[in-house]
Amino acid sequence: MDKLVLIDGNSIAFRAFFALPLLQNKKGTYTNAVYGFTMMLMKVLDEEKPSHVLVAFDAGKTTFRHRDYKEYKGKRDKTPGEFSEQIPLIKELLDAFGIRHFELDQYEADDIIGTLSRQAEEKGFSVTIVTGDKDLLQLVSDNVQLLMTKKGVTDADRYDLQKLKEKYGLKPEQIIDLKGLMGDPSDNIPGIPGVGEKTALKLLKQFETVEGVLENTDNLPGKKLKERVAANRRDAILSKELATILCDVPLDFGLDDLKYEGFEAERVAPLLKKLEFKSLLERIGADESPHDTTGLEAISVEMIGPEETSQWEDFLRQEALALFVERSDENYHRAEVLAVTLSDGKQRLFMDWETAKGWKAFRDWLQDGKREKWCYDVKATRVVLERHGLESKGYTFDVLLASYLIHPSESGHELSDIMERKRGGGLPEDDAVYGKGAKRRQLEGKELAEHLARKTEAIYQLKPELERELEENNLDSLFRDLELPVAHVLARMEMQGVKVDRDRLREIGEELEERLQELTEKIHGLAGTEFNINSPKQLGEILFDKLNLPVLKKTKTGYSTSADVLEKLAPQHEIVGEILHYRQVGKLISTYVEGLLKEIDDSTGKIHTRFHQAITATGRLSSSDPNLQNIPVRLEEGRRLRQVFIPSEEDWLILSADYSQIELRVLAHLSGDENLLEAFRKDMDIHTKTAMDVFGVSEDEVTSLMRRQAKAVNFGIVYGISDYGLSQNLNIPRKEAGEFIRRYFDSYPGVKTYMDEVVRKAKKDGYVTTMLHRRRYLPEIHSRNYNRRSFAERTAMNTPIQGSAADIIKKAMVQMEERLEREEMRARLLLQVHDELIFETPKEEVELLSKRVRQVMEGPVELSVPLKVDVNTGKTWYEAK
DNA sequence: GTTATCACG
DNA sequence: ACGTACGTGATAACT
């Protein structure tokens, strides 16, 4: 017979939370509720042997019961954060167990359980409900039993019709009447004052129902009781209604969806390991991690040379292979290829580079788009192969990108990190194998082959697991249709590189050196002594000890000499302004002149940055070696550095296309705020418009100060506003900043509603999402620490905005490359700087390119406001402004 | 290796 | 009362 187990998730978790001491794992995550819940879950699975299982959770704050009775659950203490933050973990664990969990807006877990237990009964199931809540006893019947937790966590009483009769002398439906009479202080349900369990049971024995009691008010024993019942008739009825569990909730799934066929230890184990539940790991027979290292530790690998390749051509005819290309340098633009390894999950093939490159069948395989390649870091793999003469395509999976989408906030996405997370280990870190720093050595022969075989095997084994997680988290389209294509676009951009005018760069460097020299002398003169201006410590001593300037801010280690402090001190002493200027010039020389010169490729005169696609928590790219996303622009002195970025061919131009206010437009779309929508539909100057609204003036009354302040408010909104942050930015009192914010939200009420909603959803789900489903988890949204919690709340507000903008420009990049190719244009995409794309193009194509870029960038998603793109061209990046 | 500072969106 | 604006990377100084 089919057996359905329905678990009251919140109730069991809550019971566990209070029954167990507040456990924490090494990372500081609270785990006691998860632990207790899992114990209970495993016991129930073990003993009930269900064919179907569902865990129901309470949804958000309000339910339909609040409509009828505002005070419902009104007197409850706030749920402790230590508890709430464990709920997402429990859900994650249920996913690993392959058990469905569900919650429904406006309803409680009870109602979901009630509905399903009735449905199951009709279909001839036997049903067991697991809860700590007496209310659910009303659902007991011939085929429905209830396990009610007792003192401990896993201790439970089993209630069937007979037990209910024995214990209370009641029929199930009378549980509702019981509560109608006695009420429930924990839910703030009134009942009849002075009537407790004893009296209520006595009355029900005699009169059956609340209605029965009310009809017979005159016959009740005791004068006090009569009076009380008479005075609280309405409360009794209301209380009964509130206690009634709904059994006809609309559900968009059926019993068939709740099938449970047992769990797989290897899916559950990594999570238990992360939670540090050693006894539970043992219990599922996986205390030695599951697929575990044994598969990778004692690995076999075929090392082949040019003579053996012919025997392995069949190996290459398989549908999919894991491919790993080891290189000599993290920076693949200047790395040599050391070796290539392949795996089909059964055998590993190792070749040195000469063998791989000389093997025709392998080269054909690389170029065959129909032969699937699973890899780690498709961009690095493709670029390093291509730089050494081998084209490759057919990459259908990238373990790095998948891991990033699933865990966007994790800092480590090395293969060993991913194995650690997914399998609890199994692959040693590169640093441990090769050594690091001075100790680094190159492995050879079998040692190298086995290490690379392990990596390749790890890719092969991780692929299906990560693929499943992508699907489960609704990330598969983002992965396949966006991130994977973006990786190829970036590969081409990086290989193309940007031409640099080395002479002009040196020239600018010399000018700056001269200026720095003058500034140094002037500062030393004003200080009356020579010192290292670059040392915050020495500088602090001069400013605050010698010159006795006031100390406005301190760092952990001493005086703060940051720019915002110095700006405030500038009026007090001539030296301060000079120091600020010195810092500026010094930065330009060391980071930009010297830094960029070091990165120019000697033979081509180009710079090949690397774009990182798996770093930021929001979905943006980052750039390094060198970072070309932070070339100076705000101050003219630095901006001139953009003169050194030039087209790589004679008579070509640089074209820059940037989104106008993309983040605020995204906000307008996401929030649906009428005022903001209208502003963009009319294409108004958004900061002026904000100034008009916040300061209550007409357009021609907006002063430049007002516009500047309004601009800061807009930034603040995007970042997740706080009065403190805005006050720092504008250098005004916090109260004043708070007043700006209040007036902003008065003018844009839709934005306020949206921000509140995002934070509420983040608290409920544990994560926020962008327009293309990118996720970011925010565990600290439940922190009791004000700072951590506030940070998480601001992040919840900022990430959908910043992240959706990142989604949009990535989509535009992919479409733009397709367009350039399809129309056989010669123009090339070179750089992306978050809201701007930079191309080089033949002069003759400028008109066409401008048109296409606009078309494509304005079109990747349909927003409720237009996307606007500004295009500029020039002989250098500087001129394309 | 960490801290302070500052360049960008 | 609390006390940070969101997201990055590079450099120099110092531990």
Side-chain angles (χ1 to χ4, degrees), chain A residues 408-409 411 436-437 531-540 553-566 579-580 582-596 598-599 609-612 615-635 637-639 641-642 658-659 661-664 667 712-730 734 737 741 768 776 780 784-803 805-806 809 831-837:
Chain A
S409 305
S411 49
K436 56 179 170 182
F531 67 102
N532 183 352
I533 308 166
N534 283 322
S535 162
K537 194 167 155 230
Q538 294 181 38
L539 180 63
K553 198 163 94 180
K554 289 195 145 199
T555 68
K556 273 181 270 195
T557 49
Y559 307 120
S560 170
T561 65
S562 61
D564 61 316
V565 172
L566 296 189
I579 291 166
L580 281 165
Y582 172 95
R583 284 245 180 96
Q584 248 181 54
V585 175
K587 179 88 176 176
L588 295 177
I589 293 171
S590 64
T591 304
Y592 296 102
V593 177
E594 289 169 0
L596 289 179
K598 268 186 257 172
E599 297 288 346
T609 183
R610 286 184 297 152
F611 288 103
H612 305 279
I615 301 260
T616 74
T618 55
R620 275 191 178 179
L621 302 175
S622 76
S623 151
S624 74
D625 309 291
N627 181 354
L628 292 187
Q629 291 183 318
N630 72 345
I631 302 302
V633 67
R634 290 172 193 169
L635 301 170
E637 198 170 19
R639 188 175 200 154
L641 278 156
R642 296 188 168 216
D658 65 295
Y659 281 110
Q661 303 297 348
I662 187 168
E663 293 189 336
L664 287 170
L667 173 62
V713 172
N714 278 328
F715 272 100
I717 294 294
V718 169
Y719 292 157
I721 195 96
S722 80
D723 52 4
Y724 184 82
L726 184 64
S727 76
Q728 289 296 299
N729 187 289
L730 284 176
R734 203 175 71 194
I741 295 167
V768 291
R776 181 170 182 182
E780 302 224 306
R784 273 85 44 232
N785 177 316
Y786 174 89
N787 275 330
R788 286 162 175 260
R789 188 175 62 251
S790 304
F791 187 22
E793 287 170 358
R794 290 195 301 276
T795 311
M797 299 185 244
N798 169 264
T799 296
I801 301 173
Q802 190 181 120
I809 195 167
L831 299 172
Q832 187 253 42
V833 192
H834 309 308
D835 64 354
E836 132 182 66
L837 296 179

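Letters go in sequence order (proteins before strands), and every chain restarts at 1.
One interatomic measurement links the two molecules: CG of A/N785 to P of C/dG3, which rounds to 9 Å at whole-angstrom precision. Rounded to whole Å, the distance from CG on A/L837 to P on B/dG9 is 14 Å. Atom CZ in A/R639 sits about 21 Å away from atom P in B/dC6, given to the nearest Å. In this structure, the CE atom of A/M797 is 16 Å from the P atom of C/dT4, given to the nearest Å.
If you take atom C1' in C/dG3 and the same atom in B/dC8, they sit 26 Å apart, rounded to whole Å. C/dA5 and B/dT2 have their C1' atoms separated by 24 Å, given to the nearest Å. A gap of 23 Å separates the P atoms of C/dC2 and B/dT5, to the nearest Å.
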**Request:** Taking Watson-Crick and G-U wobble pairs with both distances under 3.5 Å, convert DNA chain C into its dot-bracket string, 5' to 3', dots for unpaired and | for cross-strand pairs.
**Result:** .....|||||||||.
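Between the side chain of A/T609 and the backbone N or O of A/N627, no donor-acceptor pair lies under 3.5 Å. For the pair A/S623 (side chain) and A/L628 (backbone), a donor-acceptor distance under 3.5 Å is present. No donor-acceptor distance shorter than 3.5 angstrom exists from the side chain of A/R776 to the backbone of A/A796, with no hydrogens or angles considered.
Proximity of A/R634 to the phosphate of B/dG9: a side-chain N or O atom is located under 4.0 Å from OP1 or OP2. Under 4.0 angstrom from either OP1 or OP2 of B/dC6 there lies no side-chain N or O belonging to A/S562.
Legend: residues meeting side chain to side chain contact (heavy atoms under 4.5 Å, CB included) with A/Y719, ordered by chain and number and at least two apart, are A/F715, A/N798.
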**Asked** Using a cut-off of 4.0 Å between protein heavy atoms and nucleotide atoms, how would you tag nucleotides 5-15 of chain C 5' to 3' with B, S and -?
**Response** BBBSBBSSSS-
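Residues A/I579 and A/L539 approach most closely at CD1-CD1, 3.5 Å, considering heavy atoms.
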